[in-house]
Amino acid sequence: MKHFILLFILNLRKKGRAFFWGSGVLALIWGCVAKSGSEFRFQDSASLSLPSFSIEGVSSGSFSFSFVGDIHLGGSDTQRLRTVLEAAKNHGDAFVIFLGDLVDKGDRESLIAFRSQISEFGFENKSLYVLGNHDVFDNGWVHWRELMGPSHFDIVIGNCHFFVLDSADGIVGEEQSQWLEAKLKNSNSVHKVVLSHYMPLVPGQRTYLRLADELEAVSLMKLLTRYEATAWLGGHYHSFVQEKIENVTYLVAGGGGGRRMEPIKDNFFVRAQVTADKISFELIKF
């Protein structure tokens, strides 16, 4: 469908019609396609079981976890993923979070290879997976729902409440925004942390690699401030940036692979140290 839209706009341009008009139509139609896709996954996820978690060592409220986005696993090269998992295991991290684009093309074989590495390093039932745009390529949602579970969910781990969002189409959408607000409002956890692939902003960078709708992004950021969230963690932009805005930390951790971007062009993951009253973040390059 998206390829058809692109060809349609290019044809308009070749015929000499106003390209700005074609671009406006493209944005409108693309938005409708994205909206219908995200809404379908939101509704479809309601019928799916929450992934099974068995996470130990967090009851004291003092523990660590690692997170990274954009591994882009494809083919036989699993070294970047193995590096992250080995470091997390050696450090004794309680769990690992993957912030979207786990695989490069949404294919079932790559997701199975990803899960195999997770199991080998002992993080089966100790990993949180966020849906990214590459994960839904080529009918990838069919494979994701089978192997990974729902596209959105929330889970309390120790003194942290995590809210996993589906932003794979570059939007969050009205239904999911309402779901997030209700969850934030009713949470009594010390730390409230939102997880997504696309971020509402990429601090310090002028880029389109963020949520497409600025009004939606601002509205969501206001939600986090209103309900005193601790952080929003995401990927998609292949670098590391963070900024605290109205007491909420916005951190982009797209360090797992793919084309590197400013200001950090190394591959990396981030380790979070949780205590009773704060979460601190450490950039770890590899």
Side-chain angles (χ1 to χ4, degrees), residues 57-58 62-73 77-102 114 117-118 121 123 126-130 132 134 157-160 162-165 167 191-207 209-211 221 224 229-275 277-286:
V58 297
S62 180
F63 57 91
S64 64
F65 64 89
S66 288
F67 61 94
V68 64
D70 304 276
I71 293 288
H72 286 276
L73 184 68
D77 183 9
T78 60
Q79 187 54 52
R80 296 189 309 275
L81 174 59
R82 293 178 65 86
T83 298
V84 173
L85 292 171
E86 183 175 24
K89 180 178 180 179
N90 291 342
H91 188 267
D93 291 334
F95 55 95
V96 182
I97 298 172
F98 295 97
L99 295 165
D101 285 0
L102 281 60
F114 197 102
Q117 296 300 312
I118 295 293
F121 283 91
F123 284 98
K126 297 180 181 179
S127 297
L128 277 66
Y129 306 114
V130 176
H134 279 256
I157 303 176
N159 57 0
C160 297
F162 294 97
F163 309 88
V164 177
L165 298 181
S167 64
H191 304 299
K192 304 174 187 178
V193 182
V194 174
L195 309 173
S196 69
H197 184 58
Y198 284 79
M199 294 286 289
L201 78 166
V202 179
Q205 304 297 315
R206 294 178 61 86
T207 176
L209 297 172
R210 52 176 173 72
L211 289 178
M221 291 172 72
L224 269 67
T230 301
W232 187 329
L233 312 178
H236 192 55
Y237 186 80
H238 292 179
S239 193
F240 173 86
V241 287
Q242 68 173 324
E243 182 178 354
K244 182 170 282 190
I245 302 173
E246 295 185 328
N247 291 321
V248 179
T249 296
Y250 294 86
L251 192 156
V252 181
R259 179 171 59 90
R260 310 309 309 142
M261 300 173 183
E262 297 290 351
I264 303 297
K265 291 198 170 183
D266 304 270
N267 288 120
F268 67 88
F269 64 94
V270 180
R271 176 165 291 124
Q273 183 63 52
V274 181
T275 63
D277 59 354
K278 66 179 294 186
I279 303 179
S280 58
F281 302 103
E282 177 187 6
L283 170 68
I284 301 175
K285 300 178 182 180
F286 65 90

Legend entry - Partner set under side-chain hydrogen bond (donor to acceptor under 3.5 Å, both in side chains) for Asn247, not counting sequence neighbours: none
Legend entry - Nearest atoms (heavy-atom pairs only) where Ala253 meets Val270: CB-CG2, 3.9 Å
Inset, instruction - Could I get the full list of side chain to side chain contact (heavy atoms under 4.5 Å, CB included) partners for Asn159, not counting sequence neighbours? - result: Phe63, Val190, His191, Val274
Inset, instruction - Apply side chain to side chain contact (heavy atoms under 4.5 Å, CB included) to Glu282 and list each qualifying residue two or more places apart in sequence or on a separate chain. - result: Ile284
Legend entry - Any donor-acceptor pair under 3.5 Å from Asn267 side chain to Gly255 backbone: yes
Inset, instruction - Using ring-ring contact (aromatic ring centres under 6.0 Å, His included) as the criterion, list what pairs up with Phe163, not counting sequence neighbours. - result: His161
Inset, instruction - Would you please name every residue forming a side chain to side chain contact (heavy atoms under 4.5 Å, CB included) with Ala88, sequence neighbours left out? - result: Ser66, Asp93, Val96, Phe123
Inset, instruction - Please list all pairs passing the salt bridge (charged side-chain N to carboxylate O under 4.0 Å, His left out) test where one or both residues lie in residues 193-204, with sequence neighbours left out. - result: none
Inset, instruction - Begin with the C-alpha distance, continue with both residues' side-chain angles, and end with the deciding distance and a verdict on side chain to side chain contact (heavy atoms under 4.5 Å, CB included) for Ile118 and Phe98. - result: CA-CA 11 Å; Ile118 295 293; Phe98 295 97; 3.5 Å; yes
Legend entry - Residues in ring-ring contact (aromatic ring centres under 6.0 Å, His included) contact with Phe286, at least two apart in sequence or another chain: none
Inset, instruction - State, to 0.1 Å, how close Leu81 and Leu73 come at their nearest heavy-atom pair, and which atoms those are. - result: CD2-CD2, 4.5 Å
Legend entry - Reported CD1-to-CG distance for the pair Ile279 and Asp277, which is rounded to 0.5 angstrom: 10.5 Å
Legend entry - Side-chain heavy atoms of Met199 within contact of Ser167, under 4.5 Å: no
Legend entry - Inter-residue atom distance Leu195.CG - Leu165.CG, 0.5 Å rounding: 8.0 Å
Legend entry - Contact check, side chains of Ser239 and Val252, non-hydrogen atoms, under 4.5 Å: no
Legend entry - Considering all heavy atoms, the nearest Arg210-Thr207 contact: NE-O, 3.2 Å
Inset, instruction - Would you please name every residue forming a side-chain hydrogen bond (donor to acceptor under 3.5 Å, both in side chains) with Arg82, sequence neighbours left out? - result: Gln117, Glu120
Legend entry - Where at least one partner belongs to residues 234-267, residue pairs that pass ring-ring contact (aromatic ring centres under 6.0 Å, His included), sequence neighbours excluded: His72-His238, His197-His236, Tyr198-His236, Phe240-Phe268
Legend entry - Residues forming a side-chain hydrogen bond (donor to acceptor under 3.5 Å, both in side chains) with Ser62, sequence neighbours excluded: none
Inset, instruction - Return the minimal non-hydrogen interatomic distance between Arg80 and Gly257, and the atom names on each side. - result: NE-CA, 3.4 Å
Inset, instruction - Please round to the nearest 0.5 Å and tell me the distance separating atom CG of Leu201 and atom CH2 of Trp232. - result: 9.0 Å
Legend entry - Listed once per pair and sorted, the salt bridge (charged side-chain N to carboxylate O under 4.0 Å, His left out) pairs that draw on residues 232-261, sequence neighbours left out: none
Legend entry - Contacts of type side-chain hydrogen bond (donor to acceptor under 3.5 Å, both in side chains), residue Gln273, not counting sequence neighbours: none
Inset, instruction - Please determine which of Val193, Leu99, Leu233 meets the side chain to side chain contact (heavy atoms under 4.5 Å, CB included) test together with Leu251. - result: Leu233
Inset, instruction - Give the intermediate values and the outcome of side chain to side chain contact (heavy atoms under 4.5 Å, CB included) for residues Thr249 and Gln242. - result: CA-CA 7 Å; Thr249 296; Gln242 68 173 324; 3.7 Å; yes
Inset, instruction - Enter the distance from Asp101:CG to Asp70:CG here, rounded to the nearest 0.5 Å. - result: 5.0 Å
Inset, instruction - Flag the pair Phe95 / Phe162 as yes when their ring centroid distance falls below 6.0 Å, and as no otherwise. - result: yes
